[in-house]
Amino acid sequence: MATKRTPSFDSHNPATGEVVGTYPIVSGKQVVEIVSHAREASHQWEKLGFNGRKKVLLAWSSLIIRRIDQIAALISLETGKPLSDAKLEVSIAVSHLGWAARHAEEIMRTSYRAPGLLMANMSATVQRSPLGVVGVIGPWNYPIFTPVGSISYALAAGNTVVFKPSEFTAGVGVWLEETFNEVAPFADIFTTITGLGETGGALCTSGVDKLSFTGSTRTAKLVAAQCAATMTPVVLECGGKDPVIVAADANLARAVDATMWSAMANAGQSCIGAERVYADEKVADKFIELAVELAQTIHAGAPGDGNYGPATMPSQIKVIQSHIKSAIKDGGTCAYGGSASVQPPFVQPVILLDVPENSAAMREETFGPIIIINRVKNMQEAIELANASTYGLGANVWSKHQGKRIAGKLACGMVAINSTFSFAAIASVPFGGVKDSGYGRVHGPEGLLEYTYARTVVRTRFNLPIKFLSFKRRPKDDTLVITLTKWLKGRLG
Ligand code: NDP
């Protein structure tokens with residue numbers, strides 16, 4: 001008897017187009033079943049306690065490190081990025097995993113709060129509990145670093161996790177589940193579900209207790225709308241149009257080196273990658289000259305050949321091409337490369353100059369190996385232009401003396417002074433953005449607390465002779481409250 005075939009999809013090597021894996025499309029009904037198994041497992045996982053979970057997570061971390069060559073090869077195959085970039089990505093992912101495992105207990109420890117004068121007879125505490133089941137929807141650009149930034153913190157906090165990787169990097173997602181299950185004490189703590197956008201959509205409405213999404217702003221809005229129907233809270237890590245501010249006192253050699261890497265590495269497919277530079281006009285020419293010199297030494301190619309790989313998602317090529325065209329049409333010029341640099345599936349480095357701020361190339365996320373350098377009169381102008389974006393993810397500031405002052409005025413979630421990307425590799429600090437770049441945080445204590453809820457517990461330590469919260473309240477109790485309120489100018493709490 002013929003059986004109904006499970007629908008499936010292929011994952012490709014973006015450098016060659018060759019099929020490298022075939023994965024099932026998990027249906028909406030299956031997603032609901034998987035989430036319900038994860039919910040059953042969540043009680044036992046929570047009961048394991050911080051130490052029990054730490055042991056499992058550190059064993060997983062050790063296993064990933066032992067197999068770093070295997071997972072890096074798979075990441076490189078599915079994304080097209082160089083093997084060394086893939087290894088660096090794995091290293092940073094395991095550092096987050098270890099940090100979350102080691103710090104969850106301290107971050108979730110019950111905190112004691114001052115009860116205030118009026119409630120001086122009470123003790124006031126805030127406990128933290130895991131939410132239950134966390135859904136994670138991941139992107140393809142950093143297929144291990146990005147999802148692990150949610151998965152490891154959610155697991156360490158005591159939740160079970162159902163993970164939907166991008167269809168472009170399903171193999172990495174499946175590898176994560178398989179390796180976790182080698183060290184897992186029981187089933188359904190961490191499950192990967194493969195599929196296309198609809199499978200992700202089904203996860204949003206499956207009844208998970210929180211949904212952590214990384215990807216485009218467009219899809220983030222769909223995810224938030226779907227989650228709203230079931231009152232499922234969300235963490236949204238979306239795109240960016242990260243500015244780089246170069247002051248007259250910047251170390252230009254370092255600024256150029258880091259900015260070009262930030263813009264071009266991973267084929268420019270980094271949410272926190274540099275997309276626009278605002279260089280003080282006193283040093284802009286030198287910055288451009290050094291940037292062009294550096295661009296001449298780097299090229300896109302297949303892993304083992306290029307400094308960076310192809311566009312992982314073929315449709316992105318059109319966006320990149322259109323941004324180069326609109327930048328030129330709107331009055332920008334090419335300092336290096338141009339439309340001819342787009343050689344699908346690769347895009348060679350492109351440096352554009354003096355592109356008007358209203359050009360699509362300056363407003364929209366390009367996600368390609370392109371950097372736009374615009375001159376500014378002073379740092380105030382740089383700050384204003386940096387903040388004029390609808391995005392507000394990360395930013396870089398290059399200056400010997402003004403870094404902190406400028407950083408403090410930027411409307412974004414993360415700033416690196418005289419550095420780039422570094423905040424993503426520091427596990428103790430939160431990662432996330434404002435405006436169209438999303439809301440909520442991953443990483444650090446703030447990121448871990450996203451996967452918990454606060455339970456306030458107050459307790460009567462001794463009884464006061466006055467009764468405020470009772471029908472037996474007397475006129476003299478009222479008088480006392482009013483007198484105290486006036487005397488302390490409202491500072492009763
Ligand atoms: P998406 O935002 O569409 O995809 C991100 C994840 O969401 C994938 O796992 C995707 O699954 C899933 N998804 C797609 N549709 C839905 C849906 N309706 N409900 C729930 N989940 C869904 O990104 P793209 O891959 O299409 O990339 C488009 C652009 O997004 C890029 O060009 C870039 O500008 C930006 N981007 C930003 C990233 C970041 O790090 N901030 C990462 C990736 C992209 P599937 O892949 O199976 O469709």
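This structure is a prediction, so every number in the text was calculated from the model and none was measured. Quick note: residue numbers are just sequence positions, from 1. Order of appearance sets the numbers: ligands from 1, and atoms from 1 within every ligand. Atom set for the values below is all heavy atoms of this structure, side chains included, hydrogens, waters and symmetry mates excluded.
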Does [X] reach ligand 1, in the sense of a heavy atom lying below 4.0 Å from it?
{"X": "Q226", "value": "yes"}
{"X": "G438", "value": "no"}
{"X": "Y142", "value": "no"}

Which of the numbered atoms in ligand 1 are under 4.0 angstrom from any heavy atom belonging to [X]?
{"X": "L196", "result": "47 (O)"}
{"X": "I137", "result": "6 (C), 7 (O), 9 (O), 12 (C), 20 (C), 21 (N)"}
{"X": "G195", "result": "47 (O)"}
{"X": "G239", "result": "41 (N)"}
{"X": "G200", "result": "19 (N), 20 (C), 21 (N)"}

- Query: For the side chain to side chain contact (heavy atoms under 4.5 Å, CB included) test, which of I193, L203, T6 pairs with V26?
  - Reply: I193

- Query: Taking non-hydrogen atoms only, is L203 closer than 4.0 angstrom to ligand 1 via side chain, backbone, both or neither?
  - Reply: neither

- When you look for heavy atoms under 4.0 Å from ligand 1, do you find them on the side chain of C238, its backbone, both, or neither? backbone

Which residue holds the protein heavy atom closest to [atom], what is that atom called, and what is the gap in Å?
{"atom": "atom 10 (C) of ligand 1", "result": "K164 NZ, 4.1 Å"}
{"atom": "atom 45 (P) of ligand 1", "result": "E167 OE1, 3.0 Å"}
{"atom": "atom 27 (O) of ligand 1", "result": "M313 CE, 3.5 Å"}
{"atom": "atom 5 (C) of ligand 1", "result": "T214 O, 3.7 Å"}
{"atom": "atom 32 (O) of ligand 1", "result": "Q316 OE1, 2.4 Å"}
{"atom": "atom 22 (C) of ligand 1", "result": "T219 CG2, 3.6 Å"}
{"atom": "atom 43 (C) of ligand 1", "result": "P139 CB, 3.5 Å"}
{"atom": "atom 35 (C) of ligand 1", "result": "E365 OE1, 3.5 Å"}

Using the ring of each side chain (for Trp, its six-membered ring), is [X] parallel, tilted or perpendicular to [Y], with breaks at 30° and 60°?
{"X": "W140", "Y": "F168", "result": "perpendicular"}
{"X": "F431", "Y": "H443", "result": "tilted"}
{"X": "F9", "Y": "Y23", "result": "tilted"}
{"X": "Y153", "Y": "W99", "result": "tilted"}

- Item | Residues T390, R363; criterion side-chain contact (heavy atoms from CB on, under 4.5 Å); working and verdict | CA-CA 8 Å; T390 55; R363 289 184 287 106; over 6 Å; no

- Item | Cationic N near anionic O, under 4.0 Å, K241 to E275 | yes

- Might you point out which heavy atoms bring T205 and Q226 nearest each other, and give the distance in Å? CG2-O, 3.7 Å

- Message: Tell me whether K435 at atom NZ has more than 12 heavy atoms from other residues, nucleotides or ligands lying less than 6.0 Å away.
- Response: yes

- So, is S216 polar-close to ligand 1, with some N/O to N/O distance under 3.5 Å? yes

- Query: Taking distance alone, with no angle check, do G138 and ligand 1 share an N/O pair under 3.5 Å?
  - Reply: yes

- Task: I would like to know whether R39 and T160 meet side-chain contact (heavy atoms from CB on, under 4.5 Å); could you show each step before the answer?
- Result: CA-CA 7 Å; R39 184 165 308 289; T160 52; over 6 Å; no

- Per atom 38 (C) of ligand 1, closest listed option by heavy atom (Y391, F168, F163, F367): F367

- Taking it one step at a time, do V134 and D209 satisfy side-chain contact (heavy atoms from CB on, under 4.5 Å)? CA-CA 6 Å; V134 171; D209 298 289; 5.8 Å; no

- Message: Distance alone, cut at 3.5 Å: any donor-acceptor contact between the side chains of N396 and T420?
- Response: yes

- Query: How about atom 1 (P) of ligand 1: does it have a protein heavy atom within less than 4.0 Å?
  - Reply: yes

- Kindly determine whether Y308 and N266 satisfy side-chain contact (heavy atoms from CB on, under 4.5 Å), including the steps that lead there. CA-CA 6 Å; Y308 60 83; N266 204 28; over 6 Å; no

